[in-house]
Amino acid sequence: MLFEPFQIKNVRFANRILRSSMGGRTAYYDGTVSPAWVHFEKRFAKGGVAGIISPTISVNEQRQSPLEYPSLHDDRFVGPLRDAVREIKASGPNKDPCRYIVQIGDTGAHTHTSLRSQDADRVSASAVFDFQYGYQNSSRAMTIAEIQQTVREFAEAAHRVVEAGCDGIEVTASKGYLIHQFLNPLTNRRTDNYGGSVDNRFQLLEDIVKAVREAVGPDFLFGVRMSAKDFNCLPPNLRFPLIWPPPPWRDWSGNDLAESTHYARKLEQLGVDYLHIDSGFGFPNPKGSPGSFPEEAIGITQNAYRFLGAKAKARATVFNLSKLVPAAVRKRWYGLFWRFEPAANADFAAAIRRVVGIPVIGNGGFQDLDVIEGALTAKKCDMIAIARPLLANPDLLDQFAHANTPQRPCSFCSLCCASTAVLPLGCYDVRRFESQELMMNQVLAWCSPNAPFCVKDGKKPDKGQNTETMQ
């Protein structure tokens with residue numbers, strides 16, 4: 001089924017594989033897409049994926065995090081994005097063009113990078129202390145006026161997506177970002193219309209969905225990425241609301257399938273065209289990015305932004321002190337919570353798919369052909385979204401023609417996605433390369449149109465061969 005075409009609404013996809021949301025430091029600092037960004041995205045289109053879901057593009061002018069990610073908070077971004085998307089879509093080898101779906105979002109209090117500390121990076125559903133995520137010492141509850149402004153920002157950004165000639169839009173209500181902070185019962189302790197009951201916690205997402213649909217029109221493809229189960233306890237974290245009385249014990253674990261299936265049905269009723277399913281709360285987390293703990297990358301990121309506040313400094317200090325523990329003991333401890341699981345969220349996607357009549361996209365732990373085919377033929381999901389394995393092997397679909405597993409598979413170490421707040425995006429698992437130099441070469445190849453290296457192995461092309469023909 002992998003290579004069978006599929007249609008959602010009026011958009012036809014050449015096969016069942018999407019490049020999932022992924023990006024890192026390839027836009028200009030103001031959020032304008034750059035030649036480096038276009039070059040990065042084109043590699044996936046050339047590899048034959050049916051569509052690309054953009055990195056999370058910020059709708060808010062102040063919370064542009066991570067830095068050097070695209071933004072859509074102003075009309076000036078439309079022209080460059082239109083030109084870029086046109087070039088990306090034309091790069092695919094399939095009869096049907098590579099579709100481009102823009103994912104929009106707002107990090108809220110999980111904003112983890114900034115040039116300087118600012119109050120705008122504290123906003124959330126409620127006042128919460130969260131040691132692992134966000135650089136501010138604590139979040140603060142948004143006012144009603146701020147909530148209404150956020151809804152307008154999503155709608156305005158959605159309209160710009162249409163103006164840019166994209167094929168669809170996806171609102172991220174997962175990853176622990178702002179909308180997710182309202183959905184999660186532990187981080188939303190409000191007592192107004194935006195908190196308390198399951199439906200009240202859904203109110204912000206409902207307002208955004210209605211505003212986005214009005215902005216893009218009835219015929220434009222519109223999806224929502226959501227977490228099927230929050231797993232608030234993973235990774236282990238010190239997180240608690242700064243409000244008395246404390247939440248009931250059930251709320252500490254976050255939403256489960258009972259709540260997420262309820263939300264899924266409501267989203268379908270609101271006119272959403274598809275659902276993109278992952279799990280976990282916060283980015284990165286061991287359920288949303290199944291694999292080993294990206295220790296090196298987490299350390300680099302935490303130390304790079306320790307200057308932003310007392311909590312950020314304390315977090316980096318605790319991490320640095322943990323290096324005093326023998327490496328074998330640390331890895332065993334982290335391994336209790338971070339591990340790879342094939343098709344990690346496929347069963348969650350299946351549970352959502354059973355209660356809705358719209359297509360469902362599965363995400364997390366897909367690399368082997370038999371695993372992908374198994375999830376599709378079992379009707380656990382309708383399409384598969386892949387990020388890290390495609391970064392490791394942009395020619396993954398071509399390799400499936402003669403192998404079940406790519407020759408140099410992704411190790412799911414998550415060093416790539418955990419590094420993007422500081423470093424350019426690429427594969428940082430040196431074990432996959434003949435040398436560290438070749439690893440660094442392929443990072444340059446991913447991020448620069450002029451780098452004379454191959455994104456597959458970091459080597460220079462043979463005489464008469466160019467990097468454009470070398471995946």
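All residue numbers in this chain count up from 1 along the given sequence.
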Worksheet item: With side chains defined as the heavy atoms from C-beta onward, is the minimum distance between Leu397 and Phe3 less than 4.5 Å?
Response: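 Counting from C-beta outward, Leu397 and Phe3 do come under 4.5 Å.
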Fill in: Side chain proximity check, Pro66 to His112, heavy atoms < 4.5 angstrom
yes
With a 3.5 Å distance limit and no angle check, can you tell me whether [X] reaches the backbone of [Y] through a side-chain donor-acceptor pair?
| X | Y | answer |
| --- | --- | --- |
| Glu373 | Met1 | yes |
| Thr111 | Asp121 | no |
| Gln136 | Ala109 | no |
| Asn184 | His180 | no |
| Thr56 | Gln103 | no |
| Gln367 | Cys410 | yes |
| Thr420 | Cys416 | no |
| Arg353 | Lys379 | yes |
| Gln64 | Ser58 | no |
| Arg99 | Arg12 | yes |

Lys/Arg cation over aromatic [Y]: [X], 6.0 Å, 45° cone:
| X | Y | value |
| --- | --- | --- |
| Lys287 | Phe231 | yes |
| Arg408 | Phe433 | yes |
| Arg19 | Phe44 | yes |

Item to complete: Report the C-alpha separation of Phe340 and Phe412 in whole Å, then their side-chain angles, then the decisive distance to 0.1 Å, and conclude whether the ring-ring contact (aromatic ring centres under 6.0 Å, His included) test is met.
Response: CA-CA 7 Å; Phe340 175 69; Phe412 293 96; 4.2 Å; yes
Can you tell whether the side chains of [X] and [Y] come within less than 4.0 Å, N to carboxylate O?
| X | Y | answer |
| --- | --- | --- |
| Asp395 | Lys456 | yes |
| Lys175 | Asp278 | no |
| Lys459 | Glu434 | yes |
| Arg152 | Glu156 | no |
| Lys380 | Asp347 | yes |

Worksheet item: Who pairs with Asp429 by salt bridge (Lys or Arg N to Asp or Glu O under 4.0 Å), at least two apart in sequence or on another chain?
Response: Arg431
Worksheet item: In chain order, what residues pass the ring pair (Phe, Tyr, Trp, His ring centres under 6.0 Å) check against Phe220, with sequence neighbours excluded?
Response: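 Ring pair (Phe, Tyr, Trp, His ring centres under 6.0 Å) list for Phe220, sorted by chain: empty.
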Discussion item. Classify the ring geometry of Tyr263 against Phe202: parallel below 30°, tilted from 30° to 60°, perpendicular beyond 60°.
Written reply: parallel
Item to complete: Can you label the angle between the Phe281 ring and the His110 ring as parallel, tilted or perpendicular, going by 30° and 60°?
Response: perpendicular
[atom1] of [X] to [atom2] of [Y]: how many Å apart, nearest 0.5 Å?
| X | Y | atom1 | atom2 | value |
| --- | --- | --- | --- | --- |
| Ser91 | Ile52 | OG | CD1 | 8.0 Å |
| Ile384 | Ile361 | CD1 | CD1 | 9.5 Å |
| Ile57 | Ile104 | CD1 | CD1 | 9.0 Å |
| Leu390 | Phe366 | CG | CZ | 12.5 Å |
| Asn393 | Asp398 | CG | CG | 10.5 Å |
| Ile53 | Ile386 | CD1 | CD1 | 11.0 Å |

Item to complete: Take Asp382 and Arg16 through the test salt bridge (Lys or Arg N to Asp or Glu O under 4.0 Å) and record every step on the way to the result.
Response: CA-CA 7 Å; Asp382 300 285; Arg16 303 297 183 97; 5.3 Å; no
Discussion item. Quick one, Asn363 with Ser20, criterion side chain to side chain contact (heavy atoms under 4.5 Å, CB included). Give me CA distance, side-chain angles, the key distance, then yes/no.
Written reply: CA-CA 8 Å; Asn363 189 316; Ser20 188; 2.8 Å; yes
Worksheet item: With distance as the sole criterion, is a donor-acceptor pair present between the side chains of Glu170 and His276 under 3.5 Å?
Response: yes
Fill in: Shortest non-hydrogen separation from Ser71 to Asp30 and the atoms involved
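In this case the closest contact between Ser71 and Asp30 is CB-O, 4.4 Å.
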Worksheet item: So, for Ala418 and Ile298, which heavy atoms are closest and what is the spacing to 0.1 Å?
Response: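 In this case the closest contact between Ala418 and Ile298 is CB-CD1, 4.2 Å.
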